[in-house]
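Have a look at the structure below before the remarks.
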Number of protein chains: 2
Amino acid sequence: MSTIKDVAKTANVSISTVSRVLNNSGYTSQDTKDRVYHAVEKLNYQKNLVAAAMISKQTATLGLIIPDIKNVFYGDLTRAVEDTAHKLGFNVILCNTDNDLNKEREYIEFLVQKGIDGIIFSTPEVEDKNIRELVKAKPDLPIILLGSEVDGAKVDQVLVDNFQGAYLATEHLLQLGHQQIGYISGQPESYSTIERQKGYETALKDYGISPSEENIILDEFKVDSGYKNGKKMLSQENRPTAIFAGNDAIGVGVYNAARELGLRIPEDISVVGFDHSLFSEIVYPKLTTIKTPIQEMCEKAVQLIVEIAEDKKNFKETITFEPTLMEQQSTQALSKEVIRKIQ
Amino acid sequence: MSTIKDVAKTANVSISTVSRVLNNSGYTSQDTKDRVYHAVEKLNYQKNLVAAAMISKQTATLGLIIPDIKNVFYGDLTRAVEDTAHKLGFNVILCNTDNDLNKEREYIEFLVQKGIDGIIFSTPEVEDKNIRELVKAKPDLPIILLGSEVDGAKVDQVLVDNFQGAYLATEHLLQLGHQQIGYISGQPESYSTIERQKGYETALKDYGISPSEENIILDEFKVDSGYKNGKKMLSQENRPTAIFAGNDAIGVGVYNAARELGLRIPEDISVVGFDHSLFSEIVYPKLTTIKTPIQEMCEKAVQLIVEIAEDKKNFKETITFEPTLMEQQSTQALSKEVIRKIQ
DNA sequence: GTGAAAGCGCTAACAG
DNA sequence: CTGTTAGCGCTTTCAC
C-alpha cells in the first residue's frame, strides 16, 4: 500500500504539500493540487487513518453499548444509530453486554484504549457504576445516555418520556372501562421499568384505583417472560381484564399465554405494549402500543455526541421525546360478558 | 492521559522495558516487572492502541457487513459474531448496506483505511463486484463470506447447505402428501434464494412433480413480502396446499395472509420456514422450519478470520454446515377435506 | 505557496 | 536483562 511519501514523490512535491491538498488546509496552487490528485489516482493511494488518528486524536469511530442486539428493539435502535453515524462519517463498534457490568467494563476499557470519539450507552441499568466511574476518570470523553438515566452520572441524555407513555397506555385502558389492569414488565433495575411503573400507578390513582401487588410482575423484557408471567397473572382467581406490557415482546408473550388459556384478544382481555416494534405489527390482532420516536432519538443522540466530540461543548443537556398511543386491535371496551365471567 | 514515557519515568526504567513488560516480550526481571506494574497502577496508565496499531498493523477490529440489522436473522448472526470476536479480543464495526453496492463500497473503503484486521461479509448478493475488486486490490486482507458465495471471488467461506435445507423442507411436505407446494422467497439475486429454489425444485422432481411457475414467487425476505405474496398465491384458483417460505419472516407473512383468507394453519395450509429464528417460535401455531447452526457458523467464521489475520494462512477453504428440519406445528398431512375444497 | 523538521505513542532491532 | 535509537504514516508549526 502506498503512503503519503509515494504520492509526494510521484507528484514531485513534499509530503506536507500532499497533506495540505488532501485535507484542504492551507493554500496550494491549482497546479499542485492537480499533480497531487493525479498521483493519488495513479497510485491508488488511500490515507492511513491510524496514522492520522495518532495526531488528530480522532478516530471517527463511536462505541455503542447495548444489552443485546438479538432483541428487536435494539435492532431498530442500532440501525438508526449506525445510519446517522455513517451519514456523519463515523463508524460504530457494537458491544453487547447482557447488562453484565463486568462485560461492560471490558468493552469500555477497550474502546477507550482504541481512542474512540465517544460512547453511546443505551439503557444501562440505573445503578451502572461503570458509567459513573468513566465519567469521573475521563471527563472529556463524549458520552450519551440513550433511553435511560444513571444515578449520579451527569452526562448528556436522550430520553423518551416513559412515565407519560405508561400513563397514556394505562389511561387508554381505564377509559375503556377496565379496572383490573395488570403490569408485566422487565428488569426491576431498569430505568424503563421503573418509570413506566410510575406512570402506570399514577394513572390508576388518578382514576381512583389503588395499584395492587398481585397485578404487577417484573421479570425480563422478553417474549418468554411475557408468556410465563402472563400465564401466571391470567390464571388468578380475579384476573385482570387488561394488561399493560412493559414492551411489545412481553405483549407477544401475553398473547401466547392468553391463547393457551382460551382467552381471546381483545374480546376477553385487552393488551397494550410499548415501543411499536415489529412485534406489534406482525401479531394478530395487531398490538395496541406506545410509539416512541426511536429514529429521531437516535439521530439526536449521534448528532449530539459528534457535536461534543468536535466542539467540546461544555454543558450537559437532557432531551426528552414524547411518546404517543398507537391504537390498534388488541384493546376494546370492557364488556359485561367479561365482567360476569370474571366474578 | 499518561503515556508509556510517564510509566517509564516513575518506574525508573526505559520505555522499551515498559513495552517489554506490558507485552510479555523478551526477558525482564521480576523486580522490574513489579516496578512497572506499580507505576501502571499508580498512573492509571492505559495503552494507546492507536499508536500500537501503527507499528503492529493490527487494530483488533473486524468489520461486519450485513444488509440490515433490523432483520432478526442478522440480529442473531451479529450477536454470535460479536460474542466470538469479543472472546478472541476483537471488536466489530457494524455496517448496514441494504444490499446497496455504493454504500457497501463506502464502508469497505473506510474500513480498509482504518486498518481493520478483516471483513466478514454476510450474504452479499452473488454478483457483488465490490468484493471481487477488494479481493483483487487487497489480496492480503482477510475476508470471509458468511452464508453466501460470490461469483468469481476466491475467498474463505462459511456456508450452510441451502440446497439440502430446502430439499428437507420440501420433502417433508411431499411426504405429508402435499403435491401443490408453493415457494415464496427473497431477492432473486440472493444466493440463498437461488440455492433454496434448486433444493425445492429438485425435491419436487424427485417425487415426480414438475415445478410450475405460478407456485414460485420471489420478492424480499420480509414479513410484508410474505404477506403480500402469500395472499396472491393463496387466492389462486387451484391454490397450493403447502408453502415453503424462503425464511421465517416470509412464513409469518404467509400466516397473516392465510388468516385473512380464512385459512387455518395447518388444517387448511401447511407452512415451512427457514432459519429457526425467533419468528418461528412466537407465532401460533409454531412454525415448522429449517434450523441452521448459525451460532457455530459465526464462531467458525470469526475463528477463521482471526487465524488468517494472525497466521497468514495461504489457502482458501469453504466450510459448509448442514441444516436440519425442525418440525413444529405448522405442517400436517394433506386431508381429503382440503383436497375437496381446492378442486 | 511550499518544504524541512519535529513529534504523536508505541514497538523492535541493536548494542551493551 | 536493559537502554538507545530508529522509525510507523501522518499533521503541523516554522522558515523561506
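In the text below, chain A, chain B and the rest are named by the order of the sequence lines, each starting its count at 1.
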Which residue pairs pass the salt bridge (charged side-chain N to carboxylate O under 4.0 Å, His left out) test when at least one of the two sits in residues 23-33 of chain B, sequence neighbours left out? B:D31-B:R35
For B:Y45, does the six-membered ring have the charged nitrogen or CZ of B:K47 within the cation-pi criterion, i.e. under 6.0 angstrom from the centroid and within 45° of the normal? no
With sugar-phosphate meaning primed atoms plus P, OP1 and OP2, does B:V13 contact a base, only sugar-phosphate, or nothing at under 4.0 Å between heavy atoms? sugar-phosphate
For B:Y107 and A:H86, run ring-ring contact (aromatic ring centres under 6.0 Å, His included): C-alpha distance rounded to whole Å, both residues' side-chain angles, the deciding distance at 0.1 Å, then the answer. CA-CA 9 Å; B:Y107 277 117; A:H86 182 236; 4.1 Å; yes
First and last nucleotide of DNA chain C touching chain B, 5' to 3', heavy-atom cut-off 4.0 Å? C:dG9 to C:dA13
Quick tally for nucleotides 8-16 of chain D: nucleotides whose base has a protein heavy atom under 4.0 Å get B, sugar-phosphate-only ones S, the rest -, giving BBBBBB---
Members of residues 107-116 of chain A that approach DNA chain D, where some heavy atom sits under 4.0 Å away: none
How many angstroms lie between atom CD1 of B:I69 and atom CG of B:L94, to the nearest 0.5 angstrom? 5.5 Å
Evaluate the side-chain proximity of B:I308 to B:V306: yes if any heavy-atom separation is below 4.5 Å, no if none is. no
Do the non-hydrogen side-chain atoms of A:I143 and A:V135 ever get within less than 4.5 Å of each other? yes
Measure the shortest side-chain to side-chain distance between A:Q46 and B:V112 over non-hydrogen atoms and say whether it is less than 4.5 angstrom. yes
Can you check whether B:I66 reaches B:F121 side chain to side chain, under 4.5 Å on heavy atoms? no
Taking only residues at least two apart or on different chains, which pairs with a member in residues 48-70 of chain A satisfy salt bridge (charged side-chain N to carboxylate O under 4.0 Å, His left out)? A:D68-B:R79
Check side chain to side chain contact (heavy atoms under 4.5 Å, CB included) between B:E189 and all other residues, then give those that pass, not counting sequence neighbours. B:E125, B:Q187
